[in-house]
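See structure below.
Model, not experiment: these values are computed from the prediction. Because only heavy atoms are used, hydrogens play no part in the values below, and waters and symmetry mates are left out as well, while side chains stay in.
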Amino acid sequence: GFESLSLRFEGPPQPRRAFVLRSMPSPADMSVPTPRLRFAPSPTGYLHVGGARTALFNWLYARKYGGQFLLRIEDTDKARSTEESTRAIFEGLEWLGLTWEEDVVYQGANLELHRADAQRMLDNGTAYRCFCTQAELAERRAEAEARKDSFKYDRRCDRLPADEVARRVAAGAPFTVRFRVPEGTTSWDDLVHDEIAFPNKDIEDFIVLRTDGTPIYNLAVVSDDIAMRITVVMRGDDHISNTPKQIMLYRALGEEPPTFAHLPMIHGLDGKKLSKRHGATAVGDYQHLGILPSAMLNFLALLGWSPGNDIEVMTQAQMIELFDTHGLQKKAAIFDPKKLEWMNGQHLSLIPAGELVARVVPGMEAAGLATAAELEQRRDWFVALLDLLKVRARTIDDVVRQAQPYFRGKITYDPDAVAKQWKDRVGTAEILVQARQTLAEVGKWEPVAMEEALRVLAERMGFGEKAGRVFQPLRVALTGLMASPGIFDVLLILGRDRSLSRIDDAVAFLRASSGAPAA
RNA sequence: GGCGGUAUCGUCUAGGGGACUAGGACACAGCCCUCUCAAGGCUGGAACACGGGUUCGAAUCCCGUUACCGCUACCA
């Protein structure tokens with residue numbers, strides 16, 4: 001249970017407890033409060049894939065253990081925060097289906113709370129006022145550096161007599177609030193890293209409140225997490241060195257620190273931290289590239305987590321079922337777009353064509369192939385088409401691209417296809433004329449009958465078993481392309497009239513160009 | 001520099017002292033299926049960073065080295 005995840009801070013040595021690391025509370029254990037987690041991005045850009053994955057793991061944990069997943073926008077850096085990126089974060093999370101509970105918390109709105117917490121620490125003696133200016137500090141830092149010493153605040157303001165402090169405050173001297181780091185070691189049992197310990201002597205008395213009365217990140221986070229009653233903090237492992245400071249703050253405020261889980265980073269193909277240089281890094285980019293949210297989630301989940309067996313393709317429900325912090329990885333993962341594409345192909349072929357319609361329609365409209373209303377009118381036909389295409393596509397964009405020949409009245413012939421399959425113009429025209437006649441005579445426009453008739457034709461034309469000699473030129477006539485779904489499916493989806501007229505068009509084309517030298 | 005973190009195929013990973021001549025997946029190559037393209041099936045190459053311990057036995061535990069990453073702000 002959680003009681004084994006004790007934190008050692010300062011004070012008398014405690015007996016070492018049974019070491020049950022990375023263990024989850026069982027849902028049946030009622031002594032364990034329901035977990036509350038949050039995703040706390042700062043709105044200074046789009047929703048990054050790394051952020052999305054952090055959100056996903058928080059969400060997965062909450063769903064798995066019956067807890068709450070909350071959202072907090074850390075907008076205290078007014079200069080860099082924008083409403084636009086706040087919106088991008090909402091949109092990204094919504095697209096992924098990572099829904100949060102309760103109202104969004106805006107950190108900037110909690111200024112009074114942060115100040116009150118700083119005041120509490122001043123009152124209970126865990127923090128003190130510091131009158132050193134930034135310029136003085138910078139100078140001392142530079143001196144230390146010149147001496148090749150590492151700089152640490154020397155606590156001079158902590159030694160100021162009380163009446164001197166009072167005098168300066170009364171005189172209106174600006175001051176920051178510094179936390180007084182106690183002796184000892186600060187450690188915690190991280191859900192992914194097991195125990196991590198920091199000697200307090202390596203941590204300087206850090207500032208928690210600026211001269212303008214605004215909080216420093218570490219205070220704001222702790223104040224807000226306390227107020228939101230967060231019990232599990234899952235975040236990127238770039239926050240590991242902030243954690244001891246935050247734990248000290250919890251203690252100074254008389255609160256029990258939450259459980260921490262530090263997730264590894266995501267890197268680009270070159271092993272460096274993922275950035276714009278690596279191409280698409282915003283989840284919105286992938287949305288527009290035709291990636292399915294379920295595939296994105298699945299792929300992200302596998303970067304830094306494994307269900308512990310060979311399962312890879314999972315639905316959201318399966319991920320929740322299988323999720324366990326034991327499977328969390330310590331090592332940074334490299335983002336491989338190739339595998340994402342593969343994953344998307346898997347999800348594409350798994351998803352029922354009917355459910356795909358809504359995701360494909362915008363692309364169809366954008367490509368000018370059909371309007372949503374037209375597709376709705378021929379919904380059954382469109383679903384049948386999607387069934388043919390989805391297994392061949394890796395992205396939604398692929399689906400749209402491949403849908404093209406089934407929408408345009410006239411098709412254009414791919415030069416490569418013409419060169420390869422229509423090399424002999426006269427002979428091909430003859431094959432197509434025969435095929436047209438055969439198809440026109442088929443009683444019912446359905447695959448089995450058409451296949452039988454065309455194979456008989458191939459036989460009769462002397463192609464023996466090589467019915468492809470008929471099918472391939474026919475495919476070009478029907479789609480203009482060298483590759484397509486099965487030829488009988490194409491015939492069916494195109495319908496009798498359009499199929500026959502496309503063959504006519506092809507014959508006309510072949511006859512018109514047969515005199516000219518091959519292109 | 002100080003402190004902290006990490007280290008299994010090119011990439012994502014399985015691995016919790018013997019089941020490891022290290023398993024799966026992506027990518028790559030070949031074959032099968034086949035009207036083309038996919039999908040699918042089969043096959044192949046490909047890894048325990050290095051050095052010391054502990055142990056009858058180490059990918060697995062400990063220490064060190066190296067490499068990489070993070071933090072080291074009145075940024076978040």
Side-chain angles (χ1 to χ4, degrees), chain A residues 40-42 44 74-77 79-81 107 130 132-134 137-138 141 145 148-152 174-178 190 193 196-199 201-204 206-212 214-218 220-221 236-245 262 264-265 267 269 271-273 299 302-313 326-327 329-336 338-343 345-346 349 388-394 398 402 417 420-421 451 454-455 458 466-472 474-476 479 481-488 490:
Chain A
S42 50
T44 54
E74 307 216 321
D75 56 350
T76 44
D77 186 345
R80 291 194 299 155
S81 301
Q107 189 160 64
C130 174
C132 300
T133 66
Q134 280 188 77
L137 258 12
R141 212 186 315 272
E145 204 147 311
K148 290 196 155 184
D149 272 348
S150 59
F151 177 76
K152 208 177 122 190
F175 60 86
T176 59
V177 176
R178 270 190 199 270
D190 196 275
H193 294 272
I196 301 179
F198 283 80
K201 66 172 174 51
D202 293 326
I203 303 171
E204 72 169 356
F206 54 96
I207 293 172
V208 292
L209 206 66
R210 300 183 182 94
T211 44
D212 67 358
T214 59
I216 288 298
Y217 171 76
N218 283 313
V221 166
D237 65 16
D238 48 343
H239 285 290
I240 286 179
S241 21
N242 281 322
T243 305
K245 297 179 186 173
H262 287 95
M265 304 271 88
H267 290 166
L269 250 12
K272 298 259 164 51
K273 194 176 159 149
F299 173 71
L302 258 22
L303 281 188
W305 175 72
S306 155
N309 48 34
D310 294 334
I311 297 175
E312 299 226 340
V313 180
H326 287 88
Q329 191 79 15
K330 298 181 173 81
K331 187 181 62 160
I334 290 174
F335 188 96
D336 181 3
K338 282 261 187 55
K339 187 149 184 176
L340 205 212
E341 273 208 3
W342 168 80
M343 183 64 81
Q346 295 293 307
S349 48
L388 256 30
L389 302 181
K390 71 193 183 87
V391 72
R392 265 161 263 267
R394 294 216 137 184
D398 279 347
Q402 292 178 22
K420 176 133 195 243
Q421 305 297 348
E451 175 160 11
L454 285 179
R455 284 193 189 275
K466 299 216 178 346
R469 298 274 297 271
V470 174
F471 299 158
Q472 290 293 73
L474 184 56
R475 183 187 321 281
V476 180
T479 66
L481 304 172
M482 213 142 36
S484 80
I487 195 73
F488 307 105
V490 170

Considering every strand shown, what is the Watson-Crick or G-U wobble mate of [N] when both distances are under 3.5 Å?
N	answer
B:A39	none
B:G51	B:C63
B:C33	none
B:G4	B:C69
B:C20	none
B:C74	none

By the 4.0 Å heavy-atom rule, please label [X] as base, sugar-phosphate, or nothing.
X	value
A:S484	base
A:E312	base
A:T76	sugar-phosphate
A:F198	sugar-phosphate
A:N242	base
A:A333	sugar-phosphate
A:R394	sugar-phosphate
A:A138	nothing
A:E145	nothing
A:G308	sugar-phosphate
A:G345	nothing
A:P264	nothing
A:S42	sugar-phosphate
A:I487	base

*asked:* Treating A:T243 as the side-chain partner and A:H239 as the backbone partner, does any N or O pair qualify as donor plus acceptor under 3.5 Å?
replied: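 Checking the backbone N and O of A:H239 against the side chain of A:T243, a donor-acceptor pair under 3.5 Å is found.
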Provide the distance between the two [atom1] atoms, one in [N] and one in [M], to the nearest whole Å.
N	M	atom1	result
B:G45	B:A25	P	15 Å
B:G10	B:A46	P	10 Å
B:U8	B:G4	C1'	24 Å
B:C9	B:A29	C1'	16 Å
B:C20	B:U65	P	35 Å
B:G5	B:U21	C1'	34 Å
B:G17	B:C61	P	9 Å

*asked:* Suppose we call a contact any N or O donor and acceptor under 3.5 Å apart; does that hold for the side chain of A:K339 and the base of B:A27?
replied: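 A donor-acceptor contact between them is absent.
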*Does A:N218 get its side chain close enough to the base of B:A76, under 3.5 Å, for a donor-acceptor pair?*
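A donor-acceptor contact between them is absent.
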*Are the aromatic ring centres of A:Y217 and A:F206 under 6.0 angstrom apart?*
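Aromatic pair excluded; centres sit 6.0 Å or further apart.
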Do the side-chain N or O atoms of [X] get closer than 4.0 angstrom to the phosphate oxygens (OP1, OP2) of [N]?
X	N	result
A:Q329	B:A7	no
A:R475	B:U34	no
A:R141	B:C74	yes
A:K331	B:U8	yes
A:Q346	B:G40	yes
A:H239	B:G70	no

*From the list B:A76, B:G70, B:G4, which nucleotide is the closest neighbour of the side chain of A:S241?*
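Looking only at side-chain atoms, A:S241 lies closest to B:G70.
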_Heavy-atom side-chain proximity of A:P264 to A:K331 below 4.5 angstrom_ =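 They are not in contact (no side-chain heavy atoms under 4.5 Å apart), so the answer is no.
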